[in-house]
Amino acid sequence: MTTNENKFQEIISHAKEYGFVFPSSEIYDGLSAVYDYGPYGSELKKNIRDYWWRWMTQMNENIVGIDAAIFMHPTTWKASGHVDNFSDPMIDNKDSNKRYRVDHIIEGLADTLRSEGKETEADKLLAEMDALLAAEDFAGLKDLIYTRNIKCSVSNTCNWTDVRQFNLMFSTEIGSVAEEADKIYLRPETAQGIFVNFLNVQKTARMKIPFGIAQTGKAFRNEIVARQFIFRMREFEQMEMQFFIRPGTQKEWYEYWKEARLQWHLSLGVKPEKYRYHDHVKLAHYADAALDIEYEFPFGFKEVEGIHSRTDFDLKNHQLYSGKKMQYFDNEINQNYIPYVIETSIGLDRMFLLILSESYAEEKWTKEDGTADSRVVMRIPAKIAPLKLAILPLTKKDGLPDIAKELMNQCKPFFRCFYEEKDTIGKRYRRMDAIGTPYCVTIDHQTKEDQTVTIRYRDSMQQERIPMSQVRELVQANML
RNA sequence: GCGGAAGUAGCUCAAUUGGUAGAGCGAUAGCCUUCCAAGCUAUAGGUCGCGAGUUCGAGACUCGUCUUCCGCUCCA
């Protein structure tokens with residue numbers, strides 16, 4: 001465990017030192033739990049996003065993409081249930097100025113009762129609380145806290161404020177005059193942008209059920225605690241796909257996407273034993289089945305992607321709130337219905353962290369002359385590596401840089417290349433290992449005679465001589 | 001949010017009892033022309049996280065504050 005924690009620290013340091021991830025606004029001491037992606041990080045993130053996008057849309061003829069706005073009509077979030085469910089009643093103690101979730105302090109009392117053997121009393125208390133929460137009876141909740149004499153653990157007093165709703169959605173005002181009616185939210189999930197466009201997409205792209213709509217984009221949640229580097233951030237990017245299906249077929253499609261999405265992860269060469277499914281016991285308000293695909297991060301198994309069977313909850317509610325029919329006419333069975341939905345939702349930032357965790361390695365070995373040698377290598381899969389190819393003239397004399405630049409010009413329209421003539425060749429290889437460049441090509445004096453170059457492979461450190469004319473094809477062949 | 005720890009150059013760390021802020025690595029430029037880091041020369045880079053206080057004098061002591069990490073908490 002200790003070594004894993006160290007490894008996590010090393011990954012974070014490495015990410016900063018080599019231009020993958022910086023703390024946001026670092027010159028102002030940073031902004032808590034907000035991060036910026038650097039030169040190599042932004043490339044890697046883009047490549048992960050593109051790889052997902054191609055796999056979802058290009059490789060599935062029945063899935064199309066959209067790019068919806070972050071701002072949405074306020075009613076969207078009433079229909080989706082976020083206004084009611086994405087928030088928790090809170091209460092503040094006036095003496096200590098501490099804020100608590102109401103259900104937590106009441107559950108705390110129930111636990112105390114249980115530990116005193118008063119099981120039935122504890123159950124009765126929780127039942128009472130659930131009824132009040134369901135009825136949104138905030139005054140009743142406050143009474144409950146007072147009559148049970150629940151005290152603040154800091155000030156040890158009962159001097160409470162009223163119970164208030166604390167929303168986990170970020171809000172802002174649209175328009176230059178701040179009025180209640182103009183209050184809008186930053187989307188807490190990208191999914192709703194897909195649901196409200198269901199009819200537009202289905203009609204314009206002439207989609208037939210079953211079909212999917214994919215989208216990537218930023219979402220915002222005002223988490224009480226955001227931690228663990230880029231794992232839990234208040235601003236994050238999702239890659240989501242909503243798959244619309246005939247009601248009653250949700251079980252089989254749920255199973256299908258559960259398996260298909262794991263295959264996507266494995267296609268990046270991640271070891272299968274690092275993944276596991278985690279079925280949700282407590283289901284969210286919209287779901288009739290849900291699971292997480294978890295990855296073993298240095299800090300334990302954590303969710304990377306969620307597969308949710310969302311039923312017709314979202315479309316049905318948008319139909320209710322908007323008054324627009326969110327229906328599909330199915331020719332095969334000659335019926336109108338509101339489609340059911342299977343959602344696959346993956347956190348791009350989490351996937352990024354997964355790739356860093358999986359790729360980062362420190363290697364040590366003994367050289368032929370008996371001295372120790374080592375390197376830090378990022379074994380990032382070639383298809384998503386920030387740089388694909390480094391082109392290195394062995395020396396900067398004898399016209400070698402000219403040949404190298406010629407190869408550079410041949411390759412750079414097709415993939416990201418990097419040119420470097422500074423320092424010894426070994427040092428340049430190490431630098432490329434540290435940012436995960438899968439291929440290095442060296443131009444030497446022999447190149448001038450027979451047009452061959454040395455290609456060096458990052459993972460094996462093996463090298464071989466190939467004709468310079470084959471470099472582009474070789475790299476491209478390994479990018480898919 | 002609570003508790004604990006930490007913050008000095010890009011990184012890792014020094015600086016005696018409170019007395020002029022240093023090294024290695026890295027970076028940049030040049031030399032060398034070398035197929036797996038750590039050869040030579042030079043240069044740049046720091047209001048010691050920030051703000052007060054004590055003191056003739058603070059990187060060091062005191063208080064506050066910010067940030068990060070760990071644990072708890074939270075987590076659609």
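All chains are named by letter (A, B, ...) in the order of the sequence lines, taking the proteins before the strands, and each is independently numbered beginning at 1. Keep in mind that what you see is a predicted model, and the values were worked out from it rather than measured.
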Would you mind classifying the nucleic acid contact of A:D444 as base, sugar-phosphate or nothing, using non-hydrogen atoms under 4.0 angstrom?
base
If you measure from the Lys or Arg side-chain nitrogens to the Asp or Glu carboxylate oxygens, is any gap between A:K16 and A:E10 under 4.0 Å?
no
Taking atom P in both B:G53 and B:A58, what distance in whole Å separates the two?
11 Å
Interatomic distance at C1', B:C25 relative to B:A38, whole Å
8 Å
Side chain of A:R221 - closest among B:A76, B:C35, B:C69:
B:A76
Which of B:C75, B:C36, B:G30 is nearest the side chain of A:R232? It is B:C75
Before accepting this row, confirm whether a basic side-chain N of the pair A:D349/A:K218 lies closer than 4.0 Å to the acidic partner's carboxylate O.
no
Nearest to the side chain of A:K422, which nucleotide is it out of B:C35, B:C70, B:G30?
B:G30
Using the P atom as the reference point in each nucleotide, state the distance between B:A15 and B:G57 in Å, no decimals.
25 Å
Just call it for A:F236: base, sugar-phosphate, or nothing, with non-hydrogen atoms closer than 4.0 Å on any strand.
nothing
Closest heavy-atom pair and its distance - A:V475, A:L389
CG2-CD1, 4.2 Å
Between B:C61 and B:U54, how many Å separate the two C1' atoms, rounded to a whole number?
8 Å
Dump the pairs, protein N or O against N or O of nucleotides 6-13 of chain B, anything under 3.5 Å, distances to one decimal.
{"residue": "B:C11", "atom": "OP1", "partner": "A:K16", "partner atom": "NZ", "Å": "3.2"}

Using heavy atoms to find the nearest nucleotide of RNA chain B for A:Q462 and A:K397 separately, return the residue whose nucleotide is more 5′.
A:K397
Side-chain ion pair, A:E305 and A:R261, N-O less than 4.0 Å
yes
Between B:U8 and B:A14, how many Å separate the two P atoms, rounded to a whole number?
11 Å
Just to be sure I understand the rule, does A:R428 reach a base, reach only the sugar-phosphate, or reach nothing, if contact means heavy atoms closer than 4.0 Å?
nothing
Candidate list A:F8, A:F229, A:F231, test ring pair (Phe, Tyr, Trp, His ring centres under 6.0 Å), partner A:F297, passing option:
A:F231
Between the protein and nucleotides 37-45 of chain B, list every N/O to N/O distance that falls short of 3.5 Å.
{"residue": "B:A37", "atom": "OP2", "partner": "A:K367", "partner atom": "NZ", "Å": "3.3"}
{"residue": "B:A37", "atom": "OP2", "partner": "A:D373", "partner atom": "OD2", "Å": "2.7"}
{"residue": "B:A37", "atom": "N7", "partner": "A:D373", "partner atom": "OD1", "Å": "2.8"}
{"residue": "B:A37", "atom": "N6", "partner": "A:S374", "partner atom": "OG", "Å": "3.2"}
{"residue": "B:A38", "atom": "N6", "partner": "A:A372", "partner atom": "O", "Å": "3.1"}

State whether the distance check finds a donor on one side and an acceptor on the other, under 3.5 Å, for side chain A:R456 versus base B:C35.
no
By nearest-heavy-atom nucleotide on RNA chain B, the more 5' of A:H308 and A:Q463 is A:Q463
Nearest to the A:T395 side chain among B:U33, B:C70, B:A76, which nucleotide is it?
B:U33
Is there a side-chain polar atom (N or O) of A:R465 under 4.0 Å from OP1 or OP2 of B:C35?
no
